[in-house]
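Below, chain A is the first sequence line, B the second, and so on; all start at residue 1. Reckoned from all heavy atoms, side chains included, excluding hydrogens, waters and symmetry mates. Only a predicted model underlies this, so the values are computations on that prediction, with no experimental measurement involved.
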Number of protein chains: 2
Amino acid sequence: MDRDPSAEKNCAAVSAVPPPPGLTPGQQAVLTALRQQPQPLSAQALHGVMAVQRSIGLATVYRALDLLKLLGLVQHRVTLSGETLYSVVEHDHHYLTCLQCGVSVPVETCPVQELVAHLQRTNSFRIYYHTLEFFGVCDRCS
Amino acid sequence: MDRDPSAEKNCAAVSAVPPPPGLTPGQQAVLTALRQQPQPLSAQALHGVMAVQRSIGLATVYRALDLLKLLGLVQHRVTLSGETLYSVVEHDHHYLTCLQCGVSVPVETCPVQELVAHLQRTNSFRIYYHTLEFFGVCDRCS
DNA sequence: TACAATATGATAATGATTATCATTCCTGAG
DNA sequence: CTCAGGAATGATAATCATTATCATATTGTA
Ligand SMILES: [Zn+2]
Ligand SMILES: [Zn+2]
Ligand SMILES: [Zn+2]
Ligand SMILES: [Zn+2]
């Protein structure tokens, strides 16, 4: 996919929320499929659910997810078992995870929005998303 | 065969801030080595720095780090490249990471302490540590 | 001392992710 | 319209941090 060099920075990459830029059909399909998932899921799991309706290579799914991250459309988090889970950036949920049994429970609140705005200014970073995870030992495991 | 009394079981004497339980010499060595590191580092890197003074197996380092996490003495975070970095829980630093070049800059503030206290009560979880990471694209990469 | 339980270390196995590379698709010039 | 260059794709091999194995060493206890 080659884009007009002069217009390179005008696409949706600038803001995290707006409509998708010039994505290929495969990349578009990955984004669409991810939007339909209620929970974050791994690249392989996503590849699994996509394969039902549309043939797509696993490597392409990985590559599309990487690109979508760079565009600020997709976020990731890593489980205790080392799997990377993906979700759309609109999904701002955080988790409390047991180090022993691995169970994860969602956390409702997110106290970092202000901090994001502050960092945005002081660091000349374009911030797309954040992860906030709590680790400990659950009731049953302690 | 009597052993040196000063080399008693449980090296509990070395402790300072948190009351360490009965750790084996190997586990204690891992904790001590980790405390001397100014930055979070991988299990393999820690194994490397430890090997200089004390022979220890890589598997033992991994196992000790896992145990120390369960004891609430050590925390972890995962880099973009998939490496797991370890540090003592007292090290409550967070990072802003570029999705393109991978550069990480530290963030000073941490706005989650109150939330931790609240979650502690409402979830019957014993919370040991948390990770807070921001992802985006740095100045030079955008 | 003898026994059971746990820790250790060397190494093989695992598995998610990446790299490779040949093929296909797209686009813009001529 | 046709062609060439560049990007995207897919199948597969390679990578590499982490785990599992398993034999040995250590520890605690009676
Ligand atoms: Zn648990
Ligand atoms: Zn949040
Ligand atoms: Zn960068
Ligand atoms: Zn913090």
The remaining residues in the hydrophobic cluster of B:Tyr62, counting side-chain heavy-atom contacts under 4.5 Å among Ile, Leu, Val, Met, Phe, Trp and Tyr, are B:Leu58

Test of understanding: with salt bridge (charged side-chain N to carboxylate O under 4.0 Å, His left out), list the residues that count as partners of A:Asp139, not counting sequence neighbours. none

Listed partners of B:His91 passing side chain to side chain donor-acceptor pair (under 3.5 Å), at least two apart: B:His93, B:Tyr95

Does a side-chain N or O from B:Thr24 land closer than 4.0 Å to OP1 or OP2 of D:dT26, or not? no

When rounded to whole Å, the CD to P distance for the pair A:Glu83 and D:dA17 reads 19 Å

Whichever of B:Leu80 and A:Pro25 has the more 5' nearest nucleotide on DNA chain C, that residue is B:Leu80

What integer distance in Å separates B:Leu23:CG from C:dT6:C1'? 14 Å

What integer distance in Å separates A:Gln28:CD from D:dA8:P? 14 Å

Under 4.5 Å between side-chain heavy atoms, chaining through other members, with only Ile, Leu, Val, Met, Phe, Trp and Tyr counted: pull out the rest of the cluster around B:Val52, sorted by chain and number. none

Within residues 56-64 of chain A: residues closer than 4.0 Å to DNA chain D (heavy atoms): A:Ile56, A:Gly57, A:Ala59, A:Thr60, A:Arg63

What residues form a salt bridge (charged side-chain N to carboxylate O under 4.0 Å, His left out) with B:Arg63, not counting sequence neighbours? none

Tell me: CG of A:Asp66 to P of C:dA19, nearest whole Å? 9 Å

Short of 4.0 Å, heavy atom to strand atom, which residues of residues 39-52 of chain A count as contacting DNA chain D? none

Please list all pairs passing the side chain to side chain donor-acceptor pair (under 3.5 Å) test where one or both residues lie in residues 44-57 of chain B, with sequence neighbours left out. none

Can a side-chain donor-acceptor contact be found between B:His94 and B:His130 if the only test is distance below 3.5 angstrom? yes

N/O donor-acceptor pairs under 3.5 Å from side chains in residues 99-116 of chain A, not counting sequence neighbours:
from     : atom 1 : to      : atom 2 : distance (Å)
A:Ser104 : OG     : A:Thr97 : OG1    : 2.7
A:Gln113 : NE2    : A:Asp92 : OD2    : 3.4

DNA chain C: B:Ser55 or B:Ser81, which has the more 5' nearest nucleotide? B:Ser55

